[in-house]
Amino acid sequence: MKNKELAALFHRIGDALDVKGEQTFKVLAYRKAARILEDLTDDIETLARDKKLESIDGIGHGIAQKIEEYVTTGRMAKYDEAVAGLPPGLLDLLDIPGLGAKTVSLAYEELHVGGLDDLKRVIADGSLAGLRGMGDKKVENIHKGIGLFEQGHARISICEAALISEAVISYLKKAPGIGRIDAAGSLRRMKETVGDIDILAEGRNGAAIIDDFVRIPGLKRILAQGDTKGSILVAVESSERQVDLRIVGSAEYGAALQYFTGSKEHSVKLRGLAKAAGLKISEYGVFRGAKKIAGRDEEGVYGALGLPWIPPELREDRGEIECARDGRLPRLVEAADLRGDLHCHTRASDGRMPLEDLAEQARSRGYAYIAVCDHSRSAAYAGGLTIERLEEQWAEIDRLNRRWKGFRLLKGSEVDILGDGKLDFPDKVLKHLDFVVASVHSGFKKNVTARMVKALENPWVDTIGHPSGRLLSGRRGYDVDLDRVIEAAAANGKALELNSHFDRLDLNDLYLRRAKDAGVLISIGTDTHSADGPAMIRFGLGIARRGWLEKKDVLNTRTAEGLVRWRKTRKR
DNA sequence: GCCGTTTTCGGCCCGACTGTTTTCAGTCG
């Protein structure tokens, strides 16, 4: 797949043209193409061969030709032309907060700044401050921006972002005159990682609330402080994280929430629709001429455009606006639909909770069942269970299950898929289990696709655990063709897992949608290892919704009896 | 560069904050 490679090229072309002062809309067109390629799960080379590039919204004749040129020749003349004459380190400077194309271009033209070292030099010797439109404060901001840039601006996990935003919100709720308050931005859209944290609040005295905001415990630096908007850095472990707060009146709260939730692409398309209908939409409301026709709540904003309210998780410009217009929006799966958790560990293997505590936690969440899926015998690193210990666990499960009405522990296993694609327990053991998750834990580059396909063909396997194997904190994942895995799951009537742990979220939103389209059911599991594990379900649910999953697409929305029936009646 | 049931040309989302200005440009989201 050359998708990511091409996306990087188009990003670079956009940056280069931006610095060279090319028309903004041309720059935006390249950046949009880059984003489309990043999101695309179809192989761009296949699409190019089939002459289908121009059927993608946002890819026109010009960019299609450039893609074709690149996949056939390995080069792209437009790219070479765009970066020609620019020093190799110049465009990287655009990633420095507070530094944009205009300033980079100016520093290059006037002072021959070609990269980070040059930039530091012209700051130190004062020559940058001498340029037109520059001053001491601007230079100081760029200097601080370099600090942030060098410290690394990695996105944080959705879990960490949720914790920070909840702390800030509970602090702000004590401020006088605060009304509605919500996390907006990518956190509200439940993206798997989050950059900055955006918070929107309703209040009359914005200046006073912002004044409170910039005094929050843990504050590292104030980036901006106005009457309606504040921006700060807070300390997070060893680094810093930006939190933006916006204050609006109650009459525009809905419009502002829509606006600050994004995504940018979704909002741009929405504004285009408004414009075509003779309306104007901003964070203050929807307007017909000078008359405001909506803004108090999001339903009204979408309603004014003739659309039903669109759930935040769908707002990525991936077809949701068209579906909303045609009345074809999915009814996304909700927390209340989930009747159980299909992947939990106990201290019998590498978990920390006893079986009984795990069950009580699940009962208190209102679940009807959970699948106890400790590791299998080959997983020595994780205290994998021998057949004997597995049988002991069954006895304990039977004993505990007599205790409750309306709740069941399911006998399960997270069985290793071995190097040859065989499973770590023989069929005569697997056949006694209620739920079998088959996972790859070793040999990440060794025939993973074929091994997963073979596991799916085993009649006792129900789902594949964390199918991509990637860790958001850094591990790339297996060398696996997920399309073939989805195909095999469909052919064998099996499920695939959505692992809800914040560092996994695997399958991701894009593959979930493909699996759904292929008719594959998704089993949502938390991969719980400790007492805070079951709460991870909120992140899994968020990703499921981003994957357009409905109640019917998720295996664990079924009753325990329904689950048993599914296992019995699926194709063998 | 993309796109079209108002357009194949002429649009393309819009406002806050900051800093350097004396009316506005750059950056960000």
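Throughout, protein chains are lettered first and strands after them, A, B, ... in sequence-line order, and every chain is numbered starting at 1.
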Using a heavy-atom cut-off of under 4.0 Å over every strand shown, decide if A/Lys102 touches base, sugar-phosphate, or nothing.
-> sugar-phosphate
Is the shortest heavy-atom distance from the side chain of A/Met190 to the side chain of A/Ile543 under 4.5 Å?
-> no
Can you tell me how far C1' in B/dT20 sits from the matching atom in B/dG26, rounded to whole Å?
-> 11 Å
Is there side-chain contact between A/Val243 and A/Asp196, with at least one heavy-atom pair below 4.5 Å?
-> no
Does a donor on one side chain and an acceptor on the other come within less than 3.5 Å for A/Asp506 and A/Asn499?
-> no
Residue-level proximity of residues 129-141 of chain A to DNA chain B when a heavy atom falls under 4.0 Å | A/Gly133, A/Met134, A/Gly135, A/Asp136, A/Lys137, A/Lys138, A/Asn141
Taking the C1' atom of each, how far is B/dC28 from B/dC13, in whole Å?
-> 14 Å
Looking at every strand, decide which applies to A/Thr24 at a 4.0 Å heavy-atom threshold: base, sugar-phosphate, or nothing.
-> nothing
Can you give the donor-acceptor pairs under 3.5 Å from side chains of residues 116-124 of chain A to other protein atoms, not counting sequence neighbours?
from: A/Asp118; atom 1: OD2; to: A/Gly114; atom 2: N; distance (Å): 2.8
from: A/Lys120; atom 1: NZ; to: A/Glu150; atom 2: OE2; distance (Å): 2.7

Are A/Arg513 and A/Glu550 ion-paired here, with the side-chain N under 4.0 Å from a carboxylate O?
-> no
B/dT21 to B/dT27 separation - P atoms, rounded to the nearest Å = 15 Å
Salt bridge flag under 4.0 Å for residues A/Arg514 and A/Asp42 = yes
Between B/dT8 and B/dG1, how far apart are the C1' atoms? Round to whole Å, please.
-> 15 Å
With a non-hydrogen cut-off below 4.0 angstrom, is A/Thr228 in contact with a base, only sugar-phosphate, or nothing?
-> sugar-phosphate
Which nucleotide of DNA chain B is the first, and which the last, in the 5' to 3' direction, to come under 4.0 Å of a heavy atom belonging to chain A?
-> B/dG1 to B/dG29
Could you tell me whether A/Lys280 contacts a base, only the sugar-phosphate backbone, or nothing, with contacts defined as non-hydrogen atoms closer than 4.0 Å?
-> sugar-phosphate
Applying salt bridge (charged side-chain N to carboxylate O under 4.0 Å, His left out), run through A/Lys292 and A/Glu252 and close with a yes or a no.
-> CA-CA 10 Å; A/Lys292 180 160 160 181; A/Glu252 54 247 18; 3.8 Å; yes
Could you work out the separation of B/dC12 and B/dT7 based on their C1' atoms and round it to a whole Å?
-> 13 Å
